[in-house]
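Residue numbers count from 1 along this sequence. Quantities reported herein were computed from a predicted structural model and do not represent experimental measurements.
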Amino acid sequence: DILVYASASKGFKSGGFNTLGDVSQPVNVFNPESVWNYEVGTKSTFFEKRLNFDLTGFYDTYANVQQTVFRTNLQTGVRYPKVENAASGTIKGIELEFEAIPYPGLKLSGSATRLYATYGQCYSIDPIFPELGNQNLGGNRMTQAPKWQFSMSGEYNFLITDNLMMTAHADYKWQSKVYFDIYNDALDTRNAYGVLTTSVSVSTLDGNWS
């Protein structure tokens, strides 16, 4: 009824070429990005499989993180995007998931994730605040990586005639603020938000139509 597991894996993303920007400079390359992922967790089932409970902890270490930064063309003064390698990056966190059937026809599920995702040493000029100069962005939060995420779901099925079943379903998802750039600018973020969706459906027991 209880499974405990651990894993280690490695992945990579190939490098490439920057072909736009400062034409006075030779075409330059960015290196492959690699990551080691370590994970440990448990998957459990209780009460004759009416409750499933999963808990996972993970730790990822990145090398040569590929990120888009902005540089200045020394001839024209125009800033342009360029892919470069940050020294490193780290993602670690914990995730909890459950699924329960407390009553016949009623199913509840949910999840929660706490995420820590930061860059290692990386220098770049912020295009929104260029007067700050070439900044070390080490310690900034990774793009589109919310600190918290939650979700809840509920579904209830019940007969309304001998051949018709009604299903009521609801989902709620919430996540904390995310940044869209490596500079963590307050002007380039999405604040915390939640989304609620609900539905009601009627279907035949044989599943031929709904």
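Residue Asp185 is tested with Thr189, Ile182, Asp181 for a side chain to side chain contact (heavy atoms under 4.5 Å, CB included); the sole match is Asp181.
Inspection of the Asn64 and Asn31 side chains reveals no N or O donor paired with an N or O acceptor under 3.5 Å. Between the side chains of Thr61 and Thr90, not a single donor N or O lies within less than 3.5 Å of an accepting N or O. Using modelled atom types and a 3.5 Å distance limit, the side chains of Asp206 and Thr204 yield a donor-acceptor pair. Defined by atom type and a distance below 3.5 Å, a donor-acceptor pair is present between the side-chain atoms of Ser153 and Asp171.
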Requested in this report: Applying side-chain hydrogen bond (donor to acceptor under 3.5 Å, both in side chains), run through Thr56 and Tyr5 and close with a yes or a no.
Outcome: CA-CA 9 Å; Thr56 305; Tyr5 67 93; 3.2 Å; yes

Query raised in the report: Are Lys147 and Leu115 close enough, and set up right, to give a side-chain contact (heavy atoms from CB on, under 4.5 Å), and what steps lead you there?
Result: CA-CA 5 Å; Lys147 288 184 177 180; Leu115 189 65; 5.9 Å; no

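Side-chain heavy atoms closer than 4.5 Å link hydrophobic residues (I, L, V, M, F, W, Y) into clusters, and following such links, possibly through other members, connects Tyr119 to Val35. Cluster annotation: Val200 and Leu159 are assigned to distinct hydrophobic clusters (Ile/Leu/Val/Met/Phe/Trp/Tyr, side-chain heavy-atom contacts under 4.5 Å, transitive).
For Trp148 and Phe150, the ring centers sit closer than 6.0 Å to each other.
Within the cation-pi definition used here (under 6.0 Å to the ring centroid, within 45° of the axis), Arg190 does not qualify as a partner of Tyr193.
In this structure, OH on Tyr38 lies 11.0 Å from OG on Ser7, to the nearest 0.5 angstrom.
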